[in-house]
Amino acid sequence: MSYVDEVLEKVVAKNPAEPEFHQAVKEVLESLRVVVEANEEKFRRDALLERLVEPERQIKFRVPWVDDKGQVHVNTGYRVQFNSAIGPYKGGLRLHPSVNLGIIKFLGFEQIFKNSLTGLPIGGGKGGSDFDPKGKSDREVMAFCQSFMTELSKYIGADEDVPAGDIGTGAREIGYMFGQYKRIRGTYEGVLTGKGLSYGGSLARTEATGYGLLYLTEELLKINGKDINGMTAVVSGSGNVAIYAVEKAQQLGAKVVTVSDSNGWVYDPEGIDVEALKEIKEVNRARLTEYRKYRPNSEYHEGRGVWSVKADLALPCATQNELHLEDAKQLVANGCVAVCEGANMPTTLEATEYLQANGVLFAPGKAANAGGVATSALEMSQNSERLSWSFEEVDEKLKEIMVNICHNMDDAAKRYGMEGNYVAGANIAGFEKVVDAMNAQGIV
Ligand code: NDP
């Protein structure tokens with residue numbers, strides 16, 4: 001049996017009931033097959049892949065907190081410190097009821113390659129909790145965040161592990177967590193990114209993932225002889241990534257006609273009103289049913305449906321496994337030319353294969369949404385320098401990073417005879433640097 005297959009089997013046997021983690025490992029190792037097989041004996045002797053798929057450390061802890069009625073609740077907190085070969089662990093904190101160890105491990109594993117692709121010195125990690133901030137008062141969210149950080153603070157630090165936001169963790173949550181970290185540790189350091197501007201945050205961090213997604217998409221289309229200007233796009237999600245993806249897509253001349261949340265989706269044939277979306281989601285923390293109040297000509301539908309709308313460009317920006325094989329078939333039938341992932345692993349393996357087999361340009365999340373973590377790393381640099389850069393300076397660096405990622409994944413795919421396979425290209429380009437650093441550092 002080949003070394004890759006052996007390791008894939010071991011991962012499933014050793015980590016049962018973690019299907020998302022298996023899926024992420026399979027996607028990466030399958031596309032690294034050609035690299036590994038070129039040097040299989042050495043990889044096997046050094047147990048390189050076993051070390052890559054085993055987190056350096058995983059921390060699981062109790063998070064008790066008290067609600068407004070005096071009731072005590074207990075959530076589970078996680079931090080998976082996956083790989084620090086190229087820098088301190090870096091990756092977001094997800095607060096969502098679906099969170100479990102397998103989800104955090106899949107995200108942490110993906111993060112290793114994503115962070116490497118940015119070209120910046122950051123290792124891979126991820127964390128979170130099964131706490132649901134939806135419907136909670138500010139005081140309840142604060143109580144949770146303080147309890148969560150009381151434990152997490154033992155394991156993180158500006159040079160060790162620097163968490164950031166993710167689903168359910170926005171500026172409010174980061175603020176409460178930062179305050180508690182400072183109180184416990186007594187140090188004012190850049191231990192979290194996504195901070196508010198008044199206490200060490202970076203301009204353009206809020207916009208970074210969505211904007212970065214569009215910078216990469218624009219470049220990808222360009223190197224394939226296409227222009228985003230004038231295209232119609234469908235976007236899923238209506239959170240941080242989706243909002244700024246819609247905004248930048250429109251600035252680049254595309255018309256975005258859908259957004260969604262976990263209850264339903266909006267179709268606005270005239271193009272999504274991004275200011276209305278911001279007010280609904282960022283200010284009022286309300287549901288998308290509100291959108292029709294701003295745009296009476298739009299439609300609201302319960303359930304799923306974004307991928308059934310005819311579009312040139314599809315940008316999944318909500319969550320994992322939200323674009324299935326049936327959706328991929330519909331996109332292809334409707335003439336979609338590119339799918340670029342704003343979320344992490346939103347496209348199932350079968351859907352990805354179908355899109356690629358049918359000539360759709362497909363940019364995987366670990367490349368396409370790397371703008372968030374890249375700008376987080378720029379926030380770390382500013383914190384270390386004790387300086388703040390202008391919006392334009394950060395945005396320019398973000399654009400440069402995304403354009404480089406696009407070319408690096410394109411080049412890596414070509415080098416291994418897989419031109420146009422950006423999944424393979426991104427995995428190989430991210431992997432090469434990490435493996436080089438792991439080899440240099442010995443068996444640790
Ligand atoms: P937010 O919490 O701001 O928004 C998430 C959006 O996705 C919401 O519209 C939410 O709807 C929807 N959603 C979440 N879970 C589900 C679900 N199970 N089914 C259907 N819809 C769902 O998160 P972000 O925008 O920050 O993150 C979105 C994706 O992008 C995630 O995969 C995240 O890991 C990834 N990402 C985020 C980065 C960042 O900088 N924020 C960086 C890189 C990747 P509802 O409000 O109803 O829950």
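Indexing begins at 1, ligand by ligand and atom by atom, following the structure's order.
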Check against side-chain hydrogen bond (donor to acceptor under 3.5 Å, both in side chains), N369 and N344: CA-CA 8 Å; N369 70 31; N344 284 312; 3.1 Å; yes
Under 3.5 Å: N/O of [X] near N/O of ligand 1:
X	result
R287	yes
N369	no
G168	yes
D166	yes
V241	yes
N344	yes
N263	no

Trace of the salt bridge (charged side-chain N to carboxylate O under 4.0 Å, His left out) decision for K114 with E110: CA-CA 6 Å; K114 180 190 307 193; E110 291 270 302; over 6 Å; no
Counting only heavy atoms closer than 4.0 Å, does ligand 1 sit against the backbone of [X], its side chain, both, or neither?
X	value
T209	side chain
A164	neither
S236	neither

Out of [options], who gets a non-hydrogen atom closest to [atom]?
atom	options	value
atom 27 (O) of ligand 1	T169, I167, L107	I167
atom 20 (C) of ligand 1	A286, A374, S262, G194	S262
atom 28 (C) of ligand 1	G239, A318, G237	A318
atom 15 (N) of ligand 1	M345, H96, R94	H96

Within-shell test, K134 vs ligand 1, heavy atom, strictly < 4.0 Å: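 Under 4.0 Å: yes for K134.
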Contact with ligand 1 for S238, non-hydrogen, under 4.0 angstrom: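 Within the 4.0 Å threshold, so yes.
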Aromatic centroids of [Y] and [X] separated by under 6.0 Å:
X	Y	value
F109	F82	yes
Y300	W265	no
Y188	F178	yes

For atom 17 (C) of ligand 1, the protein heavy atom that lies nearest, with its residue and separation: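 Atom 17 (C) of ligand 1 sits closest to the protein heavy atom T319 CG2, 3.5 Å.
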Identity and distance of the protein heavy atom lying nearest atom 41 (N) of ligand 1: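 The closest heavy atom on the protein side is N240 OD1, 3.4 Å.
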Check against side-chain hydrogen bond (donor to acceptor under 3.5 Å, both in side chains), E299 and H301: CA-CA 7 Å; E299 297 167 16; H301 302 272; 2.8 Å; yes
Under 4.0 Å to a heavy atom of [X] - the qualifying atoms of ligand 1, by number:
X	result
S260	9 (O)
R205	40 (O)
G342	30 (O), 35 (C), 44 (C)

Sub-4.0 Å protein heavy atom near atom 44 (C) of ligand 1: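 Under the 4.0 Å cut-off, atom 44 (C) of ligand 1 does have protein heavy-atom neighbours.
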Short N-O contact, E151 and R62, less than 4.0 angstrom: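 Salt bridge flag = no for R62 with E151.
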Electrostatic pair K281:D261 at N-O distance under 4.0 angstrom: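 Here K281 pairs with D261 in a salt bridge, since their nearest N and O are under 4.0 Å apart.
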Working for side-chain hydrogen bond (donor to acceptor under 3.5 Å, both in side chains), residues Y89 and E56: CA-CA 10 Å; Y89 311 105; E56 289 176 17; 2.5 Å; yes
Under 3.5 Å side-chain donor-acceptor pair for [X] and [Y]:
X	Y	answer
Y78	D130	no
K248	Y215	yes
N427	K366	yes

Backbone N/O of K90 and side chain of N115: donor-acceptor pair under 3.5 Å: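 Here the side-chain-to-backbone pair exists.
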